[in-house]
**Student:** 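Right, I'll just put the structure down here and ask away after.
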Amino acid sequence: MTSMLSRPPVLLAQLPTWFSATGYVALGAVAALAALVAAYFALRLALPKVAAIALTTGKAALAHPLFWVEILGAAFVMILFFPFTPYYTFGEDIKMLKSSGLTLILVMSVILALWTASTSVADEIEGRTALTLLSKPIRRWQFIVGKYLGILGPVFLMFVILGAVFLCTVSYKASYDAYETASPQPTIEQCHAEIWQITPGLFLAFLGTAVLTAISVAISTRLPMMANLMICSTIYVLGNLIPTLVESSMGQFQLVRFMGGLLATVLPVLDYFNIEAGIAAGVKVSPAYLAWATLYAALYSGAALLVALILFEDRDLA
């Protein structure tokens, strides 16, 4: 009884430490949103037609209840409950929290990207909306690039919102677990370390989502939503298994080695962006790795958009 009565004062006494740590999260979220706005105005100056298409696509995605209720709202509630979920890991619950949160944000963002790509590209082509748009002085590559960037906008916004909430829960989990195990309460520096250690995982998850979005846009130029979802889901699974497939094909038959190499060449190696296990274990991600992952995501997304343009160039819209 005494332990239960002492619990609120202990947790309340730790709130200043937690708020101090999460203050950096709020500043980071504001900086990310400012970068998004700056990127839009830069795009508006360089490519105004692409920026107009991107803005229209982003507004349509944000106006749909699927974004706010079924995806963002559901993920928000689940992230808030994660710190209080018993994982039965003998004092290592925060590792499971990190892995679960990163996976949830990635999956929800991929669902949003695939749905938006299908509704804003495939449905507009089938509904002749794209024909009306392209009857104006707008090139087809501007349509494709504008749609892609317009999809990435809401995805980026989702990462900022859910990522900020997730980082706050990670900081709180450190204090919560310390109380549950009767350990010394973490300092501000320790809470900062937990936040900074997991931030690269959010960035890499966004890069993986950007690659899948480019692939989804390419597929949407020819196929409807259900086919798009099935193909992208298969690519997502295989993309995370490619390193294992290539390694297992070593020393096997020539055909097996060829297929393993072909999959590794054609499909994106999404395992590069999937480092939840390493982050949960406390492994630091080097800036060099982040730079190479960014370059790989940019090159593969560019190649996917080029394929999308090729498929869309001779598509009959009438």
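Just so it is clear, the model here is predicted, and its values are computed rather than measured.
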**Student:** Minimum heavy-atom separation for Val50 and Trp141, please, with both atom names.
**Tutor:**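 Looking at all heavy atoms of both residues, the closest pair is CG2-CZ3, 4.2 Å.
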**Student:** Please tell me whether Tyr40 and Met158 are part of a single hydrophobic cluster in this structure, the criterion being side-chain heavy atoms less than 4.5 Å apart.
**Tutor:**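 Different clusters.
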**Student:** Between atom CG of Leu162 and atom CD1 of Ile79, what is the distance when rounded to the nearest 0.5 Å?
**Tutor:**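 The CG atom of Leu162 sits 4.5 Å away from the CD1 atom of Ile79.
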**Student:** Contact between Ile235 and Leu267 at the side-chain level, heavy atoms closer than 4.5 Å - yes or no?
**Tutor:**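 They are in side-chain contact.
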**Student:** Decide whether Val211 and Tyr289 are clustered together by the hydrophobic rule: side chain heavy atoms of Ile, Leu, Val, Met, Phe, Trp, Tyr closer than 4.5 Å, transitively.
**Tutor:**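 Yes, same cluster.
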**Student:** Please round to the nearest 0.5 Å and tell me the distance separating atom CG of Leu238 and atom OG1 of Thr234.
**Tutor:**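 It comes to 6.5 Å.
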**Student:** Please check if the side chain of Thr169 supplies one atom and the backbone of Phe166 the other of a donor-acceptor pair under 3.5 Å.
**Tutor:**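 Here the side-chain-to-backbone pair exists.
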**Student:** Quick check: closest heavy atoms across Leu202 and Phe159, and the distance to 0.1 Å?
**Tutor:**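 Heavy-atom minimum between the residues: O-CE2, 3.6 Å.
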**Student:** Taking side chain as C-beta onward, heavy atoms only, is Ile231 less than 4.5 Å from Ile215?
**Tutor:**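 Ile231 does not reach Ile215 side chain to side chain.
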**Student:** Following the transitive rule for hydrophobic clusters with a side-chain heavy-atom cut-off under 4.5 Å over Ile, Leu, Val, Met, Phe, Trp and Tyr, establish whether Leu305 and Val307 coincide in one cluster.
**Tutor:**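 No; Val307 is not reachable from Leu305 via cluster members.
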**Student:** Between Tyr296 and Pro268 (side chain of the first, backbone of the second, donor and acceptor by atom type, cut-off under 3.5 Å), is there such a pair?
**Tutor:**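 No, the answer is negative, given that no donor and acceptor are paired below the 3.5 Å cut-off.
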**Student:** Which heavy-atom pair separates Leu290 from Pro200 by the least distance, and what is that distance?
**Tutor:**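 Smallest heavy-atom distance, with atoms named: CD2-CB, 4.1 Å.
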**Student:** Just wondering, more than 12 heavy atoms not from Phe76 lying within 6.0 Å of its CZ?
**Tutor:**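 It does not: Phe76 CZ has 12 such atoms or fewer within range.
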**Student:** Assess the residue pair Leu106 and Tyr236 against the criterion (side-chain contact (heavy atoms from CB on, under 4.5 Å)); give the C-alpha distance rounded to whole Å, side-chain angles, the decisive distance to 0.1 Å, and a yes or no.
**Tutor:** CA-CA 11 Å; Leu106 173 62; Tyr236 176 79; 3.6 Å; yes
**Student:** Would you please classify the geometry between the Phe206 ring and the Phe156 ring as parallel, tilted or perpendicular, with 30° and 60° separating the classes?
**Tutor:**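 If you compare the ring of Phe156 with that of Phe206, the planes turn out perpendicular.
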**Student:** Mind checking whether Leu47 and Val145 have side chains closer than 4.5 Å, heavy atoms only?
**Tutor:**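 No, every pair of side-chain atoms sits at 4.5 Å or beyond.
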**Student:** Over all heavy atoms of both residues, which pair between His64 and Trp115 is shortest? Give the atoms and the distance, please.
**Tutor:**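 Between these two residues, the closest heavy atoms are CG-CH2, 3.4 Å.
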**Student:** With Cys232, which of Ile219, Val237, Val110 fulfils side-chain contact (heavy atoms from CB on, under 4.5 Å)?
**Tutor:**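 Single pass found, and it is Ile219.
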**Student:** With a 3.5 Å distance limit and no angle check, can you tell me whether Trp68 reaches the backbone of Gly73 through a side-chain donor-acceptor pair?
**Tutor:**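 No; judged by distance alone, with no hydrogens or angles, the pair does not exist.
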**Student:** So does Arg139 get a backbone contact from the side chain of Lys49, meaning a donor-acceptor N/O pair under 3.5 Å?
**Tutor:**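 Checked: no pair found.
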**Student:** Do any N or O atoms from the side chain of Ser301 and from the backbone of Ala298 form a donor-acceptor pair under 3.5 angstrom?
**Tutor:**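 Pair absent, no side-chain N/O of Ser301 close to backbone of Ala298.
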**Student:** Could you state whether Phe203 and Val107 fall into the same hydrophobic cluster, counting links through intermediate Ile, Leu, Val, Met, Phe, Trp or Tyr residues with side-chain heavy atoms under 4.5 angstrom apart?
**Tutor:**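 Linked within one cluster.
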**Student:** Output yes when a side-chain donor or acceptor of Thr116 lies under 3.5 Å from a complementary backbone atom of Ala113, and no otherwise.
**Tutor:**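 Not confirmed, Thr116 side chain does not pair with Ala113 backbone.
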**Student:** Distance check, rounded to the nearest 0.5 Å: Ile151 atom CD1 versus Thr209 atom OG1?
**Tutor:**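 Separation between the atoms: 12.5 Å.
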**Student:** So, taking the atom named CD1 in Ile161 and the one named CG in Leu157, what distance separates them when rounded to the nearest 0.5 Å?
**Tutor:**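 Spacing of CD1 (Ile161) from CG (Leu157) equals 4.0 Å.
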**Student:** Kindly say whether Ala52 contributes a backbone atom to a donor-acceptor pair with the side chain of Thr56 at under 3.5 angstrom?
**Tutor:**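 Between the backbone of Ala52 and the side chain of Thr56 there is a qualifying donor-acceptor contact (under 3.5 Å).
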**Student:** Supply the atom-to-atom distance Leu149 CG to Thr213 OG1, rounded to the nearest 0.5 angstrom.
**Tutor:**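 Leu149 CG to Thr213 OG1: 10.5 Å, rounded to 0.5 Å.
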**Student:** Do you know which two heavy atoms are closest between Phe82 and Leu97, and how far apart they sit?
**Tutor:**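 So the two residues come closest at CB-CD1, 3.1 Å.
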**Student:** Evaluate whether atom CZ of Arg222 has more than 12 neighbouring non-hydrogen atoms of other residues, nucleotides or ligands under 6.0 angstrom away.
**Tutor:**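 For Arg222, atom CZ is crowded (more than 12 foreign heavy atoms under 6.0 Å).
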**Student:** With hydrophobic residues grouped by side-chain heavy-atom distances under 4.5 Å, do Ile195 and Leu33 end up in a single group?
**Tutor:**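 Yes, Ile195 connects to Leu33 through the hydrophobic network.
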**Student:** Which heavy-atom pair separates Ala218 from Ala308 by the least distance, and what is that distance?
**Tutor:**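 Closest approach of Ala218 to Ala308, heavy atoms only: CA-CB, 3.4 Å.
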**Student:** Output, in order, the C-alpha distance, side-chain angles, deciding distance and verdict of side-chain contact (heavy atoms from CB on, under 4.5 Å) for Val160 and Leu36.
**Tutor:** CA-CA 10 Å; Val160 172; Leu36 178 62; over 6 Å; no
**Student:** Could you measure the distance from the OG atom of Ser120 to the NZ atom of Lys147? Nearest 0.5 Å is fine.
**Tutor:**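 Atom-to-atom, Ser120:OG and Lys147:NZ are 5.0 Å apart.
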